Structures are given as C-alpha cells and as structure tokens.
**Q** 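The structure that follows is given in the form of structure tokens.
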Amino acid sequence: MATPLRILTVIGARPQIIKAAAISHAVRGTFAGRITETLLHTGQHYDANMSQVFFDELGIPRADISLGVGSGSHGAQTARMIEGIEKELLADRHDAVLLYGDTNSTLAGAVAAAKLHIPVAHVEAGLRSFNKAMPEEVNRIVCDHCSTWLFCPTQTAVENLVREGFRPDGGAPATADRPRVVATGDVMYDNSMRFAELAERRSSLTGDLGLQQNGFILATVHRDHNTDDPLRINAIFTALLDLHDQHGMPVVLPLHPRTRKMMDSLLTAKLRAAVEAAPGFHLVPPVGFLDMIALERGAKLVVTDSGGVQKEAYFFGKPVVVLRPETEWVELVANGQAVLADADPHRIREAAAVFLREGTPKYPALFGDGHAAEAICEVLLQGHD
Ligand code: UD1
Ligand code: UDP
C-alpha cells in the first residue's frame, strides 16, 4: 500500500474552522489510511465562542499545532503567522498544505508553503469581488496564484480563474506552475447538510428567545468596511431598527467581537440606546454552529455582510439582503435570492419589504451534491497513490 498523503491544514478564523470539519471528517473516515492530516491553528480567532465551540460541536480533532498569534494589524498578524507556519514546515515537510477561504491565515499559509515549494491546495478558490479595497480579495488572489490545486465551489469561480489565465483542463500531476482547477462543490454545503439534523435536536436558542418559525430576521455584520466606518455602521443599525419597528418582527444579531467593539465606540448614543431598548432586538454573543443553523432555518429573512451566512441562507431557502456593494456569490443575486443593498437604509428597507411580502423564487442546487470534501480528497490523491 502507498504511504498516505500527509497534509498540513491551516485554519485560524471562525469560518475556516467550520469549513475544515468536512475534509477532516472525510480524512478520518472514507480516506483513513490514504490521507493523514495535521491541523495547525494560527490563533487568528481565539475567544471560545469564535473557535473552541466549533471543534466541540463539529467533532474536529484538537489542533496539533497552535501558533497563538492573536489579533494585530494585517502586516504584524500575517508576518507572525508566516514565521510560525514556515517553522513547522521546515521541521516537518508535508506533502501538501490545505488552505481555506481568504483570511490572513490563508495568505500566510500560501506564502509560507509556496516559498518552501510545498504544494498548496486552496479550498474556495476562484472567488472574486473585484474590489481590492477588501483585504480578503488580496488574500484570495495571492493564495490562488500560489496554489497547485484550486478547488472551486461554483462554476463562476472556475470562470474567474480562466479569465486570469488558469487552464481548467490541466491534468495530474499538478504543479505550482501547472496548477489544476477543479469544480468540486462547496464544503460549506456538505457541513450544512450534515449538521442540520443535529442542530434541530440540540439547539434550543430560537425557543429560548421566544421566536416563531419564519417569524424573525437574522442579521450578522462584521466586515471591516462596515464596522469601522461611523457612517456605515450607524446606517446599518438604523436600517435594522427600522425593520424591527416597521414589520413588528424580532431581529436576532449574534455580534462578532469586532462589531461589539465598534458599536461601543461608533454608534451614536441615541441609536445605541434605541437598539438596546427595542423589545425584539436581540443582540447576542457569537453563537455556535448548531445555533446558527437553527437561526438560519427559522428566520424569515437574513440580512448580512458575511460570505458564509449568505450561502447558508441559500442552502436553507431563505432570502438575503446583502450589506455590501458587491458579492462573490453572484449566482444568488442573479437568481433573485439575494439583493445587494450596501449600507443604504433605503435599499435595505426596500429589499427587505419585497422579500417579506413576496418570498423568493426557487433555490436550484448551485453548490454541489454535499460531497465536495470527498471530491477534493480524491483529486489530492491522484498522482500520489
Ligand atoms: C476575519 C477575516 C475575514 C472573515 C472573518 C470571519 C481577515 C483579513 N479577515 O475578519 O475575512 O470574514 O475573520 O469572522 O483575515 N477579535 C476578538 N476575539 C477573537 C477574534 C477577534 O475579540 O477571537 C476582535 C479583535 O479586536 C480583532 C478583531 O476582532 O482585532 C478583528 O479580528 P480579525 O481576525 O483581525 O478580523 P475579522 O474582522 O475577524
Ligand atoms: N457563524 C456562527 N456563529 C455566528 C456567526 C456565524 O457559527 O454567530 C458561522 C456561520 O454559520 C458560517 C460562518 O460562521 O458558517 C461564517 O463566518 P463569518 O460570517 O464570520 O465569516 P465569512 O463567512 O464572512 O468569512
């Protein structure tokens, strides 16, 4: 029997920990003995409700290596991560480094591995906002162009890469100079399907908050572009409060720590007091994945600037008002399940009113068959065993 393919998986931010659950599960199940995984946690997210809760709920093994880099400026944080990942790879060269998404942890993993000539596998490759003011856009472009395997969740992602000169037909063995682009579906869809039933049994949050099925709005806000700009954060909270008042509907807002901090410093005292006094405006700490699924499934409408939450809303058939000027998940907008409203209270109110009144059209399968993780493992093994 061939020696197993040894991968080092780099995670750090909340959505990456969640995404990692799907492939970690496949590696320990279907691919046991053929692939081994070492988990490296950069420590980009570190609060228990931003990190540990997902290991516990999703059955992800404890990280083998914890860098503990914590928060910092982009340069300082990324530099600490590159240094730490490089040190680990020098001590133990893995066959491949597996990276998720577009955070600073992704960027650091790509740079460290590529410079040591260790092949990079990028899950969620090919996404583009065409807005380089977003730190994530820079991170994902660098990572894609350092990668040997580019695993695309959607056909649009493949097309974006083709426009940048990638050839989707490059066969095995893939190399950094002849990378392989593969449409695999989305590991987030795998996870949402796998954990939906567990969420139904385990989560009591909607009941605890006294919410009715299809009777509330779920909101999340955390993009730096929204949270760190006084005009935008005030506009968004004004709009959310309006939705609560006008539709008489509870709003649930699990607060990312960044948003909690910026609310304290940037919301006007009047708006802050109004939001806190509104009877059905539930500002709650970040919730675990099972509670989040329960909220997404129970909501009538989702209002968010999160990439992952936009998609999960789609998986569970809920319309989305996107608090951004653009999105990487363009299919949702093209098909009418999402509307881009930016941080404009008028557009947010209008889009929400239409969705609440009319619902949304159908939700065709766009994100694979729920087995993206297995498809990714199969491709990684081609040319190895
Ligand atoms: C990061 C990613 C973003 C992703 C998001 C997911 C980058 C550039 N951004 O943004 O793409 O959508 O994660 O949630 O990588 N903080 C805490 N506790 C924590 C983590 C963060 O209090 O456990 C606070 C700190 O004040 C920190 C701030 O949140 O400075 C921002 O954290 P950071 O990881 O730098 O960026 P995010 O906004 O979380
Ligand atoms: N999420 C969660 N609890 C929360 C908010 C989000 O479990 O309080 C999950 C959500 O279900 C999705 C992921 O975190 O799987 C999205 O992460 P986030 O919005 O932080 O980042 P993005 O997807 O925008 O990078």
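Computed from a predicted structure; not experimentally measured. When a ligand or atom number is given, it counts from 1 through the structure's own listing order.
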**Q** With a 4.0 Å cut-off, would you call E86 and K115 a salt bridge?
**A**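 Judged by the 4.0 Å cut-off on N to carboxylate O distance, E86 and K115 do not form a salt bridge.
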**Q** Given the rule that I, L, V, M, F, W and Y join up when any side-chain heavy atoms are under 4.5 Å apart, are V10 and V138 in one cluster?
**A**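 Looking at the clustering, V138 is in a separate group from V10.
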**Q** Taking only heavy atoms of N104, which atoms of ligand 1 are found under 4.0 Å from at least one of them?
**A**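 Listed by number with element, the hits are 7 (C), 8 (C), 15 (O).
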**Q** Using atom types as modelled and distance alone, determine if a side-chain donor or acceptor of D190 lies under 3.5 Å from a backbone N or O of A372.
**A**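 Yes; at least one donor-acceptor contact below 3.5 Å.
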**Q** Given Q310, R324, R14, which one has a non-hydrogen atom that is nearest to atom 5 (C) of ligand 2?
**A** R14
**Q** In terms of residue, atom name and distance, what is the protein heavy atom nearest to atom 25 (O) of ligand 2?
**A** P15 CG, 3.6 Å
**Q** I'd like to check which ligand 1 atoms, numbered from 1 as shown, lie under 4.0 Å from a non-hydrogen atom of R223.
**A**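 Going through ligand 1 atom by atom, the ones under 4.0 Å from R223 are 11 (O), 12 (O).
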**Q** In this structure, would V69 and I17 fall into the same cluster of hydrophobic residues linked by side-chain contacts under 4.5 Å?
**A**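 As far as the 4.5 Å side-chain criterion goes, I17 and V69 are not connected within one cluster.
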**Q** Verify, without hydrogens or angle tests, whether S203 (side chain) and A199 (backbone) share a donor-acceptor contact under 3.5 angstrom.
**A**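 Checking the backbone N and O of A199 against the side chain of S203, no donor-acceptor pair under 3.5 Å is found.
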**Q** Between Y46 and S71, do the side chains contain an N or O donor and an N or O acceptor separated by less than 3.5 Å?
**A**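 There is such a pair between these side chains.
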**Q** I need the minimum non-hydrogen distance between R232 and H225, along with the two atoms involved.
**A**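 Nearest pair, atom of R232 first, then H225: CD-O, 3.2 Å.
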**Q** Would you mind listing which atoms of ligand 2 come within a distance below 4.0 Å of any non-hydrogen atom of E296?
**A** 11 (O)
**Q** Starting from atom 35 (O) of ligand 1, locate the nearest protein heavy atom and write down its residue, its atom name and how far away it is, to 0.1 Å.
**A** Q77 NE2, 3.9 Å
**Q** Identify whether the distance between the nearest side-chain nitrogen and carboxylate oxygen of R140 and E328 falls below 4.0 Å.
**A**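 Salt bridge: yes.
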**Q** Among all protein heavy atoms in this structure, tell me which lies nearest to atom 9 (C) of ligand 2, with the distance rounded to 0.1 Å.
**A** I18 CD1, 3.5 Å
**Q** Give the residue, atom name and distance (to 0.1 Å) of the protein heavy atom nearest atom 1 (N) of ligand 2.
**A**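 Closest protein heavy atom to atom 1 (N) of ligand 2: M292 CG, 3.8 Å.
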**Q** Considering only heavy atoms of F289, which atoms of ligand 2 have at least one such atom less than 4.0 Å away?
**A**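 Reading through ligand 2 atom by atom, the close ones are 7 (O), 11 (O), 15 (O).
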**Q** In terms of hydrophobic clustering (I, L, V, M, F, W, Y; side-chain heavy atoms under 4.5 Å; direct or indirect links), are L240 and F355 co-clustered?
**A**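 They do share one cluster, since a chain of ILVMFWY contacts under 4.5 Å joins L240 to F355.
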**Q** In terms of atom number and element, which parts of ligand 2 are under 4.0 angstrom from non-hydrogen atoms of S306?
**A** 16 (C), 18 (P), 19 (O), 22 (P), 23 (O), 24 (O)
**Q** If hydrogens are left out, which of H45, Q16, R223, E57 has an atom nearest to atom 24 (O) of ligand 2, that is, the closest non-hydrogen atom?
**A** R223
**Q** Quick check on the hydrophobic clustering: are I85 and L99 connected, directly or via other members, by side-chain heavy-atom contacts under 4.5 Å?
**A**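 Yes, one cluster joins them.
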**Q** Quick test: of every protein heavy atom, which one is nearest to atom 18 (N) of ligand 1, and how far off is it to 0.1 Å?
**A**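 Protein heavy atom with the smallest distance to atom 18 (N) of ligand 1: D47 OD2, 2.9 Å.
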**Q** Take F289 and F54 through the ring pair (Phe, Tyr, Trp, His ring centres under 6.0 Å) test and state the conclusion after the steps.
**A** CA-CA 7 Å; F289 189 57; F54 304 107; 7.1 Å; no
**Q** Using a 4.0 Å heavy-atom cut-off, which part of R258 comes near ligand 1: side chain, backbone, both, or neither?
**A** both
**Q** Measuring from the heavy atoms of E136, does anything fall under 4.0 Å of ligand 2?
**A**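 The answer is no: ligand 2 sits nowhere under 4.0 Å from a heavy atom of E136.
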**Q** Working note: E374 + T30, criterion side chain to side chain donor-acceptor pair (under 3.5 Å); need CA distance, chi angles, decisive distance, verdict.
**A** CA-CA 8 Å; E374 287 82 358; T30 313; 4.6 Å; no
**Q** At what distance is the nearest protein heavy atom to atom 23 (O) of ligand 2, and which residue and atom is it?
**A**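 Checking every protein heavy atom, the shortest distance to atom 23 (O) of ligand 2 gives G308 N, 2.8 Å.
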**Q** Within ligand 1, which atoms have a heavy atom of M50 less than 4.0 Å away?
**A**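 Per the distance check, 23 (O).
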**Q** May I ask you to list the atoms of ligand 2 that are less than 4.0 angstrom from any heavy atom of P254?
**A**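 Those qualifying, in numeric order: 8 (O).
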**Q** Measure from the side-chain N and O atoms of D305 to the backbone N and O of R324, and report whether any donor-acceptor pair falls under 3.5 Å.
**A**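 Looks like no, no N/O pair under 3.5 Å.
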**Q** Of the choices M81, K261, H222, Q44, which has the non-hydrogen atom that lies closest to atom 34 (O) of ligand 1?
**A** Q44
**Q** Which of the atoms in ligand 2, numbered in the order shown and given with their element, are less than 4.0 Å from a heavy-atom of G288?
**A** 7 (O)
**Q** Out of curiosity, is T220 lining ligand 2, as in a heavy atom under 4.0 Å away?
**A** no
**Q** Is the closest N or O pair between P286 and ligand 2 shorter than 3.5 Å?
**A** no
**Q** Can you confirm, on distance only, whether ligand 1 has an N/O atom lying under 3.5 Å from any N/O atom belonging to T103?
**A**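 No, since none of the N or O atoms of T103 sits under 3.5 Å from an N or O of ligand 1.
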**Q** Is it the case that the side chain of N160 and the backbone of G126 share a donor-acceptor pair, with hydrogens and angles ignored and the cut-off at 3.5 Å?
**A** yes
**Q** Looking at S71, which atoms of ligand 1 are within less than 4.0 Å of one of its heavy atoms?
**A** 25 (C), 27 (C), 30 (O)
**Q** In terms of the angle between their ring planes, are H256 and H222 parallel, tilted or perpendicular, with boundaries placed at 30° and 60°?
**A**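 Aromatic pair H256/H222 classed parallel.
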**Q** Where is the nearest protein heavy atom to atom 17 (C) of ligand 1: which residue, which atom, and how far?
**A**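 It is Y46 OH, 3.3 Å.
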**Q** Closest non-hydrogen protein atom to atom 10 (C) of ligand 2, residue and atom name please, with distance?
**A** E312 OE1, 3.2 Å
**Q** Out of the candidates Y189, Y314, F315, only one should pair with Y363 under the ring-ring contact (aromatic ring centres under 6.0 Å, His included) rule; please name it.
**A**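 Considering Y189, Y314, F315, a ring-ring contact (aromatic ring centres under 6.0 Å, His included) with Y363 is found only for Y314.
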**Q** Is the shortest distance from a Lys or Arg side-chain nitrogen in E159 or R163 to a carboxylate oxygen in the other one below 4.0 Å?
**A** no
**Q** For R272, is there an ion pair with E276 - N to carboxylate O distance below 4.0 angstrom?
**A**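 Looking at R272 together with E276, the answer is yes, because their closest N to O distance falls below 4.0 Å.
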**Q** Flag H45 as yes when one of its N or O atoms lies below 3.5 Å from any N or O atom of ligand 1, and as no otherwise.
**A**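 Yes; the residue has a nitrogen or oxygen that sits under 3.5 Å from a nitrogen or oxygen of the ligand.
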**Q** Would you mind listing which atoms of ligand 2 come within a distance below 4.0 Å of any non-hydrogen atom of V287?
**A**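 Listed by number with element: 2 (C), 3 (N), 4 (C), 7 (O), 8 (O).
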**Q** For E136, take its heavy atoms, then give the atoms of ligand 1 lying under 4.0 Å from any of them.
**A** 3 (C), 9 (N), 11 (O)
**Q** List ligand 2 atoms under 4.0 Å from F54, heavy atoms only on the residue side.
**A**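 Here the atoms of ligand 2 in question are 7 (O).
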**Q** What do you reckon, does M188 put a non-hydrogen atom under 4.0 Å from ligand 2?
**A**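 M188 counts as a contact of ligand 2 under the 4.0 Å cut-off.
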**Q** If I apply the N/O under 3.5 Å rule, does H256 come out as touching ligand 1?
**A**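 Indeed, backbone or side chain, H256 has an N or O that close.
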**Q** Taking only heavy atoms of P15 into account, list the atoms of ligand 1 that are under 4.0 Å away from them.
**A**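 Taking each heavy atom of P15 in turn, ligand 1 has 6 (C), 14 (O) under 4.0 Å.
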